[in-house]
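Here's the structure, in structure tokens; my notes come after.
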Amino acid sequence: MIRINDILDKITGYHSDADLDIVERAYVYSARVHAGQVRLSGEPYLMHPLEVANILADMRLDVVSVAAGILHDVLEDTRAEPEDLRKLFGPEVLNIVSGVTKLSNMPTSSTQERQAENIRKMFLAMADDIRVILIKLADRLHNMRTLRFHSPERRRAIAQETLDIYVSIAARLGIYWIKTELEENAFKYINPEEYARIENLVAKSRAEREQYIGTVRDTLRKTMQAAGLKAEVLGRSKNYFSIHSKMQAQSLTFEQIYDLIAFRIILDTVSQCYEALGLIHSLWKPIDHKFKDYIGRPKPNMYQSLHTTVIGPVGERIEIQIRTWEMDRVAKSGIAAHWSYKEGHRIDENISKKFAWIQDLVDNQESFRDPGEFLENVRIDLFPDEVYVFTPKGDIRALPKGATPVDFAYLIHTEVGQKCVGAKVNGQMVSLPYELRTGDIVEIVTAKNHTPSKDWLKFVKTIKARSKIRQWIKAQEKDRSISLGREMLEKAFRKEKLNFITLSKTDPMNAVVESLGVKTLDDLVANVGYGKLTPLQVLRPFMAKPQTEENRASLLEKLISRVRKKKPRAGVLVKGVEDILIKFGKCCQPVPGDAIIGYITQGYGVTVHRASCVNALRASPERQIEVEWSTESAERYPVKIQILSLDRVGLLADVASSISKFGANILNASSETKETQMVESFFTISVGDKEHLEKILSAVKKVKHVQDARRVG
Ligand code: MN
């Protein structure tokens, strides 16, 4: 059982003139407010904060950290008030203990794996003093050490959370001994069978392995000694979790894992490290790609070491780490090493107040090969330019610093962004440019017919929101420009007695679109609306056709004056013109029901073609005129049909009778026998409309031996 005196001795061990008073007072206060509380283990509650303080002392942290460690649970679990802590221990201790309490209240037990990374980042972002995180880690470490007193479900949940969040925070801060111990404990509770199996396998080969460790260690020691290097050589078995991970990652069996043992050589200076590396490589053959120089290129969390893997004396792989004592200390405390006591004297008070270690990094950046990148890494990992907010359901969303509810709305869904009218943050209505803060719970208020505002562009921070708002505004402007452009064009065309709508789907219009360098007709119309093109630019090609010197309007006028008195052919109406002479294209023989198109034929009137007729398509578009079938027509129209049949006696008579049965006259008929016993016949018949024709065709198809009957053209 740990005692306060053990902790005080430990602190004096790394900081001889530490002012222990604050630690002692924290102990007395904590004992008083936690009095009567017991842990699940049955121990007095006070044991927990003491163990946490002891872990902090193992990290060689300052007295404020250790005192805050002893007090870390008082705000949450006792009647102690923040004001009490401020009065008794000062604002620094209060700030740290409040930070720890704030993190404890964070909903981290989410089962969604995808949230783990955000939670880790949020954790780091929320703590404004790195010591808050260090205390959280020490707290979790002690809780993991005593996890066996919880129910199996709780154990599993806490262990999983430890693996998801705390292990990687410890790794990121470079505190590997905590990372390893958390990992090992979590593994034991999450996968007890596998843990027991590996434990058993390791135990079985223990004697043999220990002998092997002894041999290798002796060889290394003698080699260092012979070269005059003072070195500490340590050999250890790898922990179970890393064995398990290796088996999983590389699909190996236990027997296939050779490098169960890792060695560490600790020396006084950097040059001795490289010297030792040379000696080892001349002793045993190194595996090339396994060599890592973290001395020349430290990890972002300050870790430094040389790592090499060699083929050992019995042909087995051996992992060896080489480092100085100082590097070993950093590896144990991680970034805390740069913040805690150094060789018994305190870092300058001013710097150490907040993120002293960051300052330290800045001061030492010359020693890094790529200082910019290095600092960038530290900054992003520990104090990201991001805020972490919650949806009303408790999901975490990451946003850039300065992001607003509008950014959040667009992050949730574009639709939510477009319809966003307001937002509630932590239950209170806020303005849309409100700057979100980590921990905010954000609820977006939407309205059905609401649309984005140009003003939003002034304050949104995310690329998504910005581009979606821009897109929307652009689309809006285009819509407006299209209707304006169309209006202008129709007006301009009308002035020249042309119809823009009718002409818009013709080849000459496509040519105009191309010649003006736009992609589509819509773009052309929009450009007229924007004012980038004038209506005249679009109209001109239609006005100056060399073949028709007069424009279509005057042509029409002339035609109309010439044909007006003649009796019009009933059945077809020409838009806007009465009493005009109509004839039907012999090429395509339109009947009512067909889509039709009219062409002005000079000196005659209007010729009506089927819209699909090739001759119509060939005619110049400026002669085109809109026509439609009159509904009251009782006219009959000639149409040619083709019938394909096997030859037989009485065939034509049967076909003719089925045609007349439907009240159609046969105007003409011809037929021709082919070599293949087939007869091809052509009938010109008069029909009322398309439907009439179709009834006749299907009747003819039913005549014996007829294979096909269809309209020609
Ligand atoms: Mn605690």
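For ligands, and for the atoms within them, numbers begin at 1 and follow the listed sequence.
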Sorted by chain and number, sequence neighbours left out, salt bridge (Lys or Arg N to Asp or Glu O under 4.0 Å) with Lys10 holds for Asp58
*When you measure from the side chain of Asp77 to the backbone N and O of Val74, does any donor-acceptor pair fall under 3.5 Å?*
no
Sorted by chain and number, sequence neighbours left out, side chain to side chain donor-acceptor pair (under 3.5 Å) with Asp268 holds for none
Ring-plane angle category for Tyr303 and His307, please: parallel below 30°, perpendicular beyond 60°, tilted otherwise.
perpendicular
- prompt: Is the shortest distance from a Lys or Arg side-chain nitrogen in Lys87 or Glu83 to a carboxylate oxygen in the other one below 4.0 Å?
  reply: no
Excluding water, the protein N, O or S atoms sitting under 2.8 Å from the Mn ion (ligand 1) are His48 NE2, His72 NE2, Asp73 OD2, Asp139 OD1
Applying side chain to side chain donor-acceptor pair (under 3.5 Å) to Thr78 and not counting sequence neighbours gives none
